[in-house]
Amino acid sequence: MPSDNLAKQAPAFRAALIDWYDQNARDLPWRSAPSTYGTVVSEFMLQQTQVKTVLPYFDAWLKKYPNFKQLATASEEQVLKSWEGLGYYSRARNLHKLAKEVSEIPESELPTDSKSWLKFPGVGPYAAAAICSISFDDPSAVVDGNVVRILSRITADESDYKNSTDAAKSYRDLVQELLNPERPGDHNQAMMELGATVCHKQSPNCLLCPVREFCKGYAEGIAEEVPKLAKTKFEDKSVNRAWIQDGKRVLLHKIPDSAKRMKGLHELPELLPLKLATPKAKPLAKRKRSITRYRITENIYKFSPAKLPQQLPTDYLWVEHSKLGELPFSGPHRRWITELLDD
DNA sequence: AATCCGGGGCT
DNA sequence: AGCCCAGGATT
């Protein structure tokens, strides 16, 4: 890997990149009036989520929770409700916990280095480097999916990677050498901006690229073929759920804190915990969706409340139709309930 | 080291 | 309909 050559050209690379960024940076709300809080919120929301999706959530979030203290005093249900539809809901819970921890720290004692920020919930190597470089000029380079893509192309790295984590590790040293020590936050954002707007996964716009002259992948015509990341295999899975109405109420399951995922969200109950047998009749609704490596078929069956056990298990609740809007759901559950209520 | 989390936008 | 995306926690 020609990283030695690239490292020697680091000053020229940095200059070309930052000049381009100064001219072409998108006007994003978390850039217009930067604060540590706004930076933290944006970095949590942007994990595995595209800018366009985040925009409306970010604005609403800052209006509702303008600072760490206000977020810290909100209820978890409110916080999850505000996150509804963004996905990866543990991010919201972790951001809430982080706000509670940060609120207890006098502002002058808030850490400004990425190693310290790693201790906060929901903050991994990427977020720690992003937050500290942007907010405190800490010289920590980020390695996200964009950076991996850019550097694999610039170095014409045709290695086969099992996953993005392994690829990120292989660029840790190079990306740190390239970092602009004068403006680490802008440099990091410039790399990600370049990946998001020019160095696309498919059909990279090399003719507009400010660092094309450093790009071995471009010179060799293989930019589009790297990085080589193993493809994930999908697994089919089906889940059976119950739609049970009793007058103007519908039965829901609140996912407990002891669960592995989607804690605190509500969902249409699965059949097994309610001792409901899978009907032979056609389901009321059939929905397909993909989550990570699963293709899930959700079968939603209609039951009469009379079929339920005498005593409902814990965490199951009847909710008035008029109150459904107040509870947090994941996007799909929110959609299904809306669709089924219209029937 | 492997596995899991959701959703939307784009081609 | 598939593919991808400003990753982190858990085991």
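For the numbers below, each heavy atom of this structure counts, side chains included, while hydrogens, waters and symmetry mates do not. So that the names make sense, note that chain A is the first sequence line, chain B the second, and so on, each numbered from 1.
Listed by chain and residue number, A:Y37 satisfy the ring pair (Phe, Tyr, Trp, His ring centres under 6.0 Å) test with A:F68 (two or more places apart in sequence, or in another chain). Contacts of A:Q70 classified as side-chain contact (heavy atoms from CB on, under 4.5 Å), with partners at least two apart in sequence or in another chain: A:P66, A:N67. Remark: A:D257 pairs with A:R93 by the salt bridge (charged side-chain N to carboxylate O under 4.0 Å, His left out) rule, at least two apart or across chains.
Comparing atom distances between the A:Y88 side chain and each of B:dG7, B:dA2, C:dG7 picks out C:dG7 as nearest. Out of C:dG8, B:dG6, C:dA6, the shortest distance to the side chain of A:P125 is found at C:dG8.
When the side-chain nitrogen and oxygen atoms of A:K162 are compared with OP1 and OP2 of B:dA1, none of them lie within a distance under 4.0 Å. Considering only side-chain N and O atoms, A:R289 lies under 4.0 angstrom from the phosphate OP1 or OP2 of B:dG7. In this model, the phosphate group of B:dG6 is not approached by any side-chain N or O of A:Y89 to a distance below 4.0 Å at OP1 or OP2. At the phosphate of B:dA1, OP1 or OP2 sits under 4.0 Å from a side-chain N or O atom of A:K169. For the pair A:S42 and C:dA6, the criterion of a side-chain N or O lying under 4.0 Å from OP1 or OP2 is not met.
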Atom pairs, protein N/O to nucleotides 8-11 of chain B N/O, distance under 3.5 Å:
| residue | atom | partner | partner atom | Å |
| --- | --- | --- | --- | --- |
| B:dG8 | N2 | A:Q50 | NE2 | 3.2 |

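Ring pair A:Y171/A:Y161 is tilted by interplanar angle, where 30° to 60° counts as tilted.
Rounding to whole angstrom units, CZ of residue A:F120 and P of C:dA9 are separated by 13 Å. Taking atom CZ on A:R91 and atom P on B:dC4, their separation rounds to 19 Å, with Å as the unit.
A residue-by-residue look at A:V123 and A:T49 shows that A:T49 has its nearest nucleotide of DNA chain C further toward the 5' end. The residue among A:T165 and A:F329 whose nearest nucleotide of DNA chain B is located toward the 5' end is A:T165.
Side-chain contact between A:Y89 and A:L80 is present, with at least one heavy-atom pair separated by less than 4.5 Å.
With hydrogens and angles disregarded, a donor-acceptor distance shorter than 3.5 Å links the side chain of A:N188 to the backbone of A:V142.
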Self-check item: Derivation of the ring pair (Phe, Tyr, Trp, His ring centres under 6.0 Å) call for A:W61 and A:F58
Solution: CA-CA 5 Å; A:W61 190 277; A:F58 181 82; 9.5 Å; no

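If you check residues 141-152 of chain A against DNA chain B, you find no residue with a heavy atom closer than 4.0 Å.
Taking the charged nitrogens against the carboxylate oxygens, A:R287 and A:E339 do have a contact shorter than 4.0 Å, which makes a salt bridge.
Under a cutoff of 6.0 Å and an axis angle of 45°, A:R91 and A:F44 do not form a cation-pi pair.
Heavy-atom neighbours of A:K323 NZ from other residues, nucleotides or ligands within 6.0 Å: at or below the threshold of 12.
Helical stems in DNA chain B, defined as runs of 3 or more consecutive Watson-Crick or G-U wobble pairs with donor-acceptor distances under 3.5 Å: B:1-5 with C:7-11, B:7-11 with C:1-5.
The line from CG of A:L194 to NE2 of A:H200 is 9.5 Å long, rounded to the nearest 0.5 Å.
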